[in-house]
Amino acid sequence: DTEVTQTPKHLVMGMTNKKSLKCEQHMGHRAMYWYKQKAKKPPELMFVYSYEKLSINESVPSRFSPECPNSSLLNLHLHALQPEDSALYLCASSHVTDLYGYTFGSGTRLTVV
Amino acid sequence: GESVGLHLPTLSVQEGDNSIINCAYSNSASDYFIWYKQESGKGPQFIIDIRSNMDKRQGQRVTVLLNKTVKHLSLQIAATQPGDSAVYFCAEKDQAGTALIFGKGTTLSVSS
């Protein structure tokens, strides 16, 4: 299995809703990442998990809450988002030491209304 | 073939031409680089990678060149096809060496 699977593919949520994005990989990668991508822009790093522990938080607002319950799963919990948070959210995974095999999922297209 | 010396946001080529996409990276300590292709509505797709102990690496129809002196990467696509139309990003290691960060991207348009 050489894929990173993200669900859902599309999500529309209100500003008072709570929702979660899910990411799964079975490549044995122990580093997992969340990126945010706005239209016509490059992906921007949000969070890095190494060995299931949060190692980098790129000054992301607390309305985004990541969670890594095990070595194959990565979640992003969303609460009280703003319309400007609408974007494509990408998950990736790789080997920890050399970042080899850095693979992205297809993303979740999030719209906040 | 079409080539650009500096990063340009768009590149338009004819089918069959060779394309060259350029990228300037910022982290001189990065020892690993990847080129990704991103089609509309999809996640970035790995094309080719290169480590800093190499100057050149070839794949199927693609070649990556690394010039560490001027911190420059290029992606060469031979015999460009309409299916190559996409946005291409270079990625380098961040300062902590724990994740990849992306360059601005170049939109390649191939006309037949």
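Values reported hereafter were calculated over all heavy atoms of this structure, with side chains retained and with hydrogens, waters and symmetry mates removed. All chains are named by letter (A, B, ...) in the order of the sequence lines, taking the proteins before the strands, and each is independently numbered beginning at 1.
- Using a 4.5 Å cut-off on side-chain heavy atoms (C-beta onward), B:Ile34 and A:Tyr102 make contact.
- Around CD of A:Glu84, the count of heavy atoms belonging to other residues, nucleotides or ligands within 6.0 Å exceeds 12.
- The hydrophobic clustering, which links ILVMFWY residues whose side-chain heavy atoms are closer than 4.5 Å, places B:Ile21 and B:Val13 together.
- Cluster membership for A:Leu76 and A:Met15, using ILVMFWY side-chain heavy atoms within less than 4.5 angstrom, is shared.
- Between chain B and the residues A:Thr97, A:Leu90, A:Asp98, the largest count of heavy-atom pairs under 4.5 Å involves A:Asp98.
- The hydrophobic clustering, which links ILVMFWY residues whose side-chain heavy atoms are closer than 4.5 Å, places A:Val12 and A:Leu81 apart.
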* To do: Check the pair A:Phe104, B:Phe46 against side chain to side chain contact (heavy atoms under 4.5 Å, CB included), reporting the backbone distance first and the verdict last.
  => CA-CA 8 Å; A:Phe104 282 84; B:Phe46 174 95; over 6 Å; no

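- Most heavy-atom pairs under 4.5 Å with chain B, from the set A:Gly105, A:Pro42, A:Ala92: that is A:Pro42.
- Residues of residues 45-70 of chain A lying under 4.5 angstrom from chain B, judged on non-hydrogen atoms, are A:Leu45, A:Val48, A:Ile56 in numerical order.
- Between A:Tyr35 and B:Pro44, every side-chain heavy-atom pair lies at or beyond the 4.5 Å cut-off.
- To the nearest 0.5 Å, atom CG of residue A:Leu99 and atom CG of residue B:Asp49 are 11.0 Å apart.
- If you chain together hydrophobic residues whose side chains sit under 4.5 Å apart, B:Leu65 and B:Ile77 never meet in one group.
- Interface remark: A:Lys41 contributes backbone atoms only to the contact with chain B (heavy atom separation under 4.5 Å).
- With rounding to the nearest 0.5 Å, the separation of CG in A:Leu88 from CD in B:Gln38 is 6.5 Å.
- Under a hydrophobic clustering in which Ile, Leu, Val, Met, Phe, Trp and Tyr are joined whenever their side-chain heavy atoms come within less than 4.5 Å, directly or via other members, A:Trp34 and A:Val96 fall into different clusters.
- Heavy-atom distances place no part of A:Glu44 under 4.5 Å from chain B, backbone and side chain included.
- Atom NZ of A:Lys9 has 12 or fewer heavy atoms from other residues, nucleotides or ligands within 6.0 Å.
- Of the two parts of B:Asp31, neither the backbone nor the side chain holds a non-hydrogen atom closer than 4.5 Å to a non-hydrogen atom of chain A.
- When the heavy atoms of residues 98-108 of chain B are compared with those of chain A, the residues falling under 4.5 Å are B:Thr98, B:Ala99, B:Leu100, B:Phe102, B:Gly103, B:Lys104, listed by number.
- In this structure the side chain of A:Tyr100 reaches within 4.5 angstrom of the side chain of B:Arg51, judged on heavy atoms.
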